[in-house]
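Report on one structure; see the data block that follows.
None of these values were measured; they are calculated from a predicted model.
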Amino acid sequence: MIFIAVRFTVRSAERDNWLPAVEDFTLATRREPGNVFFDWSRSVENPDRFVLLEAFASPEAGAAHVQSAHFAAAMDTMAGLVAETPEIINVEVPGDGWSRMAEIQPRES
């Protein structure tokens, strides 16, 4: 599985526009046959920072994603909203999705 984490710092004036601006990209990516997950979060420390966690079933699925029309359109849109070049971690990991955390279980109330 290809696991990718990307931190986007957007222009302060654009922070409320970010998620609506990437909505079509998000929905299109989630429909890709090789997409495992594609989830956005917002930093609690910096309201201008968004984090994208995404995974693809294989290197080929990741390559198809980067070659898609919706990826190209999103990169163009994002370039007008970011305050700096995004930071990325891109690694190949064993497995095919999320696993359960062993260190914590729900407590009975």
Side-chain angles (χ1 to χ4, degrees):
M1 178 175 75
I2 303 299
F3 174 76
I4 303 164
V6 188
R7 291 195 306 192
F8 296 88
T9 301
V10 302
R11 296 178 187 153
S12 294
E14 299 294 348
R15 75 170 68 132
D16 293 334
N17 298 327
W18 182 258
L19 291 176
V22 298
E23 184 175 8
D24 288 345
F25 174 52
T26 299
L27 296 173
T29 301
R30 288 176 178 165
R31 287 191 298 265
E32 292 177 18
N35 180 255
V36 178
F37 57 84
F38 196 86
D39 297 325
W40 290 99
S41 296
R42 190 175 200 167
S43 171
V44 296
E45 297 168 350
N46 179 350
D48 296 338
R49 178 169 286 157
F50 293 84
V51 176
L52 174 61
L53 299 180
E54 56 185 306
F56 296 90
S58 66
E60 295 78 19
H65 168 66
V66 171
Q67 295 165 2
S68 70
H70 56 267
F71 182 89
M75 296 306 104
D76 184 57
T77 297
M78 291 175 178
L81 302 174
V82 295
E84 60 188 54
T85 302
E87 300 170 290
I88 188 168
I89 298 169
N90 183 329
V91 295
E92 191 166 344
V93 298
D96 57 6
W98 292 96
S99 298
R100 295 288 179 175
M101 185 176 171
E103 295 80 8
I104 189 169
Q105 301 295 320
R107 210 180 274 144
E108 301 225 5
S109 23

**Q.** Interatomic spacing from OG1 in Thr26 to CG in Leu19 - rounded to 0.5 Å
**A.** 7.5 Å
Q | Exercise: do Ser58 and Glu60 side chains pair donor with acceptor under 3.5 Å | A | yes
Q: Check the angle between the aromatic planes of Trp40 and Phe50 and answer parallel, tilted or perpendicular using the 30° and 60° thresholds.
A: perpendicular
Q.
Membership question, hydrophobic clusters at under 4.5 Å side-chain separation (ILVMFWY): are Val66 and Val22 in the same one?
A. yes
Q. For the ring pair Phe25 and Phe38, is the centre-to-centre distance below 6.0 Å?
A. yes
Q. Do Val10 and Ile88 belong to the same hydrophobic cluster, where Ile, Leu, Val, Met, Phe, Trp and Tyr are linked whenever their side-chain heavy atoms lie under 4.5 Å apart, directly or via other members?
A. yes
Q) Taking all atoms of both residues into account, what is the closest heavy-atom pair of Met78 and Phe8, and its distance? A) SD-CE2, 3.7 Å
Q. Are Trp18 and Val6 linked, directly or through other ILVMFWY residues, by side chains that come within less than 4.5 angstrom of each other?
A. yes
Q: For the residue pair Glu92 and Pro59, establish whether any side-chain heavy-atom pair is separated by less than 4.5 Å.
A: yes
Q.
Are Glu32 and Ser68 packed together at the side-chain level, in the sense that at least one heavy-atom pair is separated by less than 4.5 angstrom?
A. yes
Q | Nearest heavy atoms of Ala61 and Gly34, plus distance in Å | A | CB-CA, 3.7 Å
Q | ILVMFWY network linking Val93 to Phe56, side-chain heavy atoms under 4.5 angstrom | A | no
Q) Does Phe37 share a hydrophobic cluster with Ile89, counting links as ILVMFWY side-chain heavy atoms below 4.5 Å and allowing steps through other members? A) yes
Q. For Val36 and Ala57, which heavy atoms make the closest approach, and how far apart are they?
A. CG2-N, 3.6 Å
Q. Parallel, tilted or perpendicular for His70 and His65, by the 30°/60° rule?
A. tilted
Q. Do the non-hydrogen side-chain atoms of Asn90 and Ile2 ever get within less than 4.5 Å of each other?
A. yes
Q. If we only count heavy atoms from C-beta on, is the Glu87 to Thr9 side-chain gap below 4.5 Å?
A. no
Q) Is there side-chain contact between Ser41 and Leu53, with heavy atoms separated by less than 4.5 Å? A) no
Q: Determine whether Val44 and Arg49 make a side-chain contact, defined as any pair of heavy atoms from C-beta on separated by less than 4.5 Å.
A: no
Q. Has the side chain of Arg11 got a donor or acceptor atom that lies under 3.5 Å from a matching backbone atom of Asp48?
A. no
Q. What pair of heavy atoms forms the shortest contact from Ala55 to Asn35, and how long is it?
A. O-ND2, 3.4 Å
Q) Would you find more than 12 non-hydrogen atoms of other residues, nucleotides or ligands less than 6.0 Å from Asp39 atom CG? A) yes
(Q) Treating Arg42 as the side-chain partner and Val51 as the backbone partner, does any N or O pair qualify as donor plus acceptor under 3.5 Å? (A) no
